[in-house]
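Here's the structure, in structure tokens; my notes come after.
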Amino acid sequence: MRVMSAIISSSRLVVRPARSGLALPALALLAVAGLAAGCGTTSSGQQAAGPASSSVTSPAAATSAVPAPAPAATSSQPAQGCAGPASASLYNAPGISVAVPTLAAVQFVSARQGWVAGAGRVLATSDGGRTWTTQYAGPAGLYQVDFIDAAHGWAVGASGLLRTANGGATWTALAEACASIRSVHFVTPSLGYAVAGGSQVWISGGVPAAAGGGELLTTTDGGRTWKRVAGAPAQAQTACFSSPASGFVGTPGKVWHTADGGKNWSLAFTEPAAAAGVRAPAPDTTVLECAGGNAVWVLFLGYGAALSHAPYLAYATQDARNWHVLFEESYIESGARPEVHAPAGPGTYPGPFSAISPDAAAFVGFSPPVGYGVAPLELVTGSGASLTKAGDVGGISQAYGAAFISTAQGWVVGKNLQTGDYAIEATADGGRTWTRQYLIQ
């Protein structure tokens with residue numbers, strides 16, 4: 001089973017509208033860009049930076065092992081009728097620029113083969129993380145990585161879309177679609193889907209989620225050209241497919257399903273309505289990850305924060321018909337939807353999650369009130385019947401990405417807010433103990 005990458009917001013606290021209408025601190029990282037008309041593009045054919053020379057080994061040796069940036073990976077001008085790529089700046093509030101995290105996303109396709117992406121870099125391992133090699137060093141601020149096997153992968157960021165067909169030995173910069181691509185999900189080396197456009201991009205709880213006008217695109221040539229999926233749900237935020245036929249799209253507060261490759265869509269689930277008198281400025285943002293067949297795991301991200309709590313709510317289904325609640329943020333969310341009565345989730349803020357199978361997933365949260373913050377791990381098994389609080393991720397205050405290949409083995413990337421270091425942490429026993437595999441000071 002392929003493990004999806006996941007990331008969360010930067011460590012900065014920002015102003016975000018609260019459910020009550022008050023301006024309160026909340027975590028968010030978003031890219032601001034407008035939609036453009038037209039959607040034909042061509043591949044750049046330009047090759048991005050190849051592998052760097054140095055390989056990082058043990059945790060002690062993995063300090064500040066980042067090569068000098070390589071030449072920029074450039075892409076050609078889009079075809080006639082398309083606007084060029086949108087601004088590469090990322091924002092955690094309108095007009096306030098922040099950098100992509102140094103280590104922002106992680107994905108493993110097996111117990112040995114994995115990748116980590118972040119600001120100006122892609123790291124790779126072929127031995128389960130004992131050693132990491134820098135494959136890409138350049139200007140791209142990458143916040144998602146998507147591999148379907150050991151050879152074929154894509155990396156998405158504020159400044160473009162990269163593709164590899166040889167496990168990351170070389171990366172090719174692809175021309176942007178007309179509306180800037182926010183996230184991708186590939187099913188085969190040629191067939192893939194993307195969410196593009198949107199007035200903002202929230203990176204607060206998993207796959208980058210477009211807001212305010214996102215649309216679903218598809219490609220049949222590995223991302224060289226893209227076209228809109230006719231009849232797809234409007235306001236797309238995230239999307240994933242378990243096969244060429246079965247897929248899901250998240251829109252504000254809703255999940256849609258297709259069983260015929262996107263020709264027809266049906267509303268599969270609607271988030272429970274808030275209680276009387278509770279008014280949010282907008283429907284919740286929907287983040288989802290497929291898990292094979294018709295199974296999908298969903299995290300709804302609410303608006304606002306209070307007393308170091310930010311609302312979130314998790315659901316899952318194994319057949320796209322029967323849905324069950326997993327957990328919720330225990331302060332704001334429980335007050336907004338008291339009829340849900342869900343167990344408390346991991347942390348007081350949402351974090352990244354990793355769909356392991358139709359029956360299991362790993363969720364990492366963030367609790368800023370605990371000193372400099374901690375990143376609690378919660379394992380969900382039995383299709384949500386069992387929740388195991390596995391403790392905090394060692395060495396990381398705030399997690400940006402998580403990738404688990406089983407309930408025992410997984411990797412988390414993030415930041416130590418006390419020291420400012422970024423690390424890759426690994427567990428082989430379901431989070432009881434952690435091993436630092438890579439460190440950037």
Side-chain angles (χ1 to χ4, degrees), residues 16-24 26-28 30 195 198-200 202 204-207 209-214 216 232-240 248-258 265-289 294-307 309-351 353 361 363 365 380 383-385 387:
R16 194 177 176 194
R19 291 185 188 277
S20 63
L22 298 176
L24 296 169
L27 282 170
L30 50 100
V195 173
S199 58
Q200 299 174 339
W202 296 108
S204 300
V207 178
L216 185 65
Q235 305 295 319
Q237 295 180 314
T238 55
C240 65
F248 294 85
V249 165
T251 63
K254 299 179 185 297
V255 180
W256 303 77
H257 179 243
T258 180
W265 295 87
S266 60
L267 181 60
F269 184 73
T270 300
E271 183 184 24
V278 178
R279 296 182 180 179
D284 287 357
T285 298
T286 304
V287 178
L288 50 81
E289 288 192 19
N294 291 324
V296 69
W297 300 81
V298 182
L299 188 63
F300 293 105
L301 305 177
Y303 283 79
L307 299 178
H309 286 254
Y312 63 86
L313 184 63
Y315 278 82
T317 182
Q318 284 67 53
D319 57 12
R321 295 189 302 274
N322 300 295
W323 293 78
H324 43 273
V325 66
L326 304 176
F327 53 74
E328 65 181 356
E329 177 271 320
S330 61
Y331 179 61
I332 300 177
E333 192 68 63
S334 60
R337 295 177 174 85
E339 77 284 359
V340 172
H341 295 299
T348 61
Y349 279 71
F353 69 100
F363 290 81
V380 183
S383 304
L387 304 179

Counterpart residues, ring-ring contact (aromatic ring centres under 6.0 Å, His included), relative to F269 (two or more places apart): Y315, W323
Do T286 and D284 have side-chain atoms, one donor and one acceptor, less than 3.5 Å apart? no
All ring-ring contact (aromatic ring centres under 6.0 Å, His included) counterparts of F248, not counting sequence neighbours: H257
Could you check if a side-chain atom of T348 sits within less than 4.5 angstrom of a side-chain atom of Y331, using non-hydrogen atoms only? no
Taking all atoms of both residues into account, what is the closest heavy-atom pair of Y312 and L299, and its distance? CD1-CD1, 4.0 Å
For the residue pair F300 and P350, establish whether any side-chain heavy-atom pair is separated by less than 4.5 Å. no
On a heavy-atom basis, which atom in L288 and which in G250 lie closest, and how many Å separate them? CD2-N, 3.4 Å
Would you check if F353 and V380 make a side-chain contact, meaning some heavy-atom pair closer than 4.5 Å? no
Please give me the minimum heavy-atom distance between V296 and C240, naming the atom from each residue. CG2-SG, 4.2 Å
Between T317 and N322 (side chain of the first, backbone of the second, donor and acceptor by atom type, cut-off under 3.5 Å), is there such a pair? yes
All heavy atoms of A310 vs all of Y349, minimum pair found to be CB-CD2, 3.6 Å
I'd like to check Q318 versus H324 (side-chain heavy atoms, cut-off strictly below 4.5 Å). Are they in contact? yes
So, using side chain to side chain contact (heavy atoms under 4.5 Å, CB included) as the criterion, who are the partners of Q235 when residues are at least two apart? P252
